[in-house]
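Have a look at the structure below before the remarks.
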Amino acid sequence: MAEAVIGLGASIAGLATFAAQIVTALRTYASSYARAEQKINDLSSDLALISSILTDLGTSISKYELKFHITAKNFVEVKKTCERNFERLNEALKEVKKGDVEEEEGMGRKGKKKALGAWEKLMFVLGGEKELMEFVTSIESSKSTLQLLLESFKLFILLRLHELNEEQMEDIKLLNRKVPVLVRGIQSAGLASFEPRPRLLDQYSAAQKFVNWLTRPLGDLTEEYCSSSDTP
């Protein structure tokens, strides 16, 4: 029997805080260059959205994890991926900043321009263009997976509360319409045709599973998120 994970919501909320710190560091790094590159801004926006989703998810789980004995099994993989990506970007930004300081000390600031742009330097410390492309794709995949996870979890909570008024029923219908649109967005963004590492394929497969959940009975959704002994 799966056991409820005490503190899961707080753990996810902590990850959201870390993501917000990364966003601040990335924007500070970009602002040190004369012209902010759009790719940096796009990456920053994706991370900010991930932070927002994680905050919402963490708050929702914290509210109901004891009442419904929420388990961690649906959150493990995407949480690990986010942690890995955030740590990697955090270290990369530290390395780039250290390189900038050394460059300024060696060349002096007066009349000198930074040889590489913000994006190019980030690309270099992450291992090259291919590595950076895979990193960005992983960020985008995590964002889409988290959106699907948040919406399916909210649907689960609505169903478990058993107090659905007409407005809430419309919310459920809206959720059912939105999830396929999100999946098509993943495909149209090229994630389905991209040849990522196995972990990205696993994330995309997980996102498709979330769509299937929305058409399943309450009992099936309950099994996905709760201990079996707490099923009504």
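Just so you know, these numbers use all the heavy atoms, side chains as well, and skip hydrogens, waters and symmetry mates.
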Could you check if a side-chain atom of Leu47 sits within less than 4.5 angstrom of a side-chain atom of Leu89, using non-hydrogen atoms only?
yes
pair Leu43-Leu122: side-chain heavy atoms closer than 4.5 Å
yes
Under 3.5 Å, which donor-acceptor pairs do the side chains of residues 12-28 form with other protein atoms, sequence neighbours left out?
residue : atom : partner : partner atom : Å
Thr17   : OG1  : Ala13   : O            : 3.2
Thr24   : OG1  : Ala20   : O            : 3.2
Arg27   : NE   : Ser44   : OG           : 2.8
Thr28   : OG1  : Thr24   : O            : 2.8

Can you tell me how far apart CG (Leu149) and OG (Ser142) are? Round to the nearest 0.5 Å.
11.5 Å
Glu91: partners by salt bridge (charged side-chain N to carboxylate O under 4.0 Å, His left out), with sequence neighbours left out
Lys94
Between CD1 of Ile139 and OG of Ser45, what distance do you get to the nearest 0.5 Å?
12.5 Å
Any Ile61 side-chain heavy atom under 4.5 Å of Leu57 side chain:
yes
On a heavy-atom basis, which atom in Glu129 and which in Met123 lie closest, and how many Å separate them?
N-CG, 3.5 Å
Kindly write out the residues that satisfy side-chain hydrogen bond (donor to acceptor under 3.5 Å, both in side chains) with Asn90, not counting sequence neighbours, or none if the list is empty.
none
Please report the shortest heavy-atom distance between Cys82 and Ile50, naming the atom on each side.
SG-CG2, 4.5 Å
Return yes if some donor-acceptor pair links the side-chain N/O of Ser144 with the main-chain N/O of Glu140 below 3.5 Å, else return no.
yes
Could you give the distance from OH (Tyr29) to CD1 (Ile40), rounded to the nearest 0.5 Å?
5.5 Å
Straight-line distance of Met133 CE to Lys130 NZ, nearest 0.5 Å:
10.0 Å
May I ask you to decide if Glu77's main-chain N or O and Thr81's side chain share a donor-acceptor pair within less than 3.5 Å?
yes
For Val96 versus Lys121, what's the shortest heavy-atom pair and its separation?
CG2-O, 3.9 Å
Among residues two or more places apart or on two chains, list those pairs meeting side-chain hydrogen bond (donor to acceptor under 3.5 Å, both in side chains) that have a residue in residues 7-16.
Ser11-Lys79
For residues 53-63, which residue pairs qualify under salt bridge (charged side-chain N to carboxylate O under 4.0 Å, His left out), counting only residues two or more places apart or in two chains?
Asp56-Lys154
Quick one, Ser60 and Ile157 - any side-chain contact, counting heavy atoms below 4.5 Å?
no
Do the side chains of Leu93 and Val125 get nearer than 4.5 Å, heavy atoms only?
no
Distance from Asn41 atom CG to Trp119 atom CH2, nearest 0.5 Å?
10.0 Å
Which residue pairs pass the salt bridge (charged side-chain N to carboxylate O under 4.0 Å, His left out) test with at least one member in residues 45-54, sequence neighbours excluded?
Asp46-Lys143
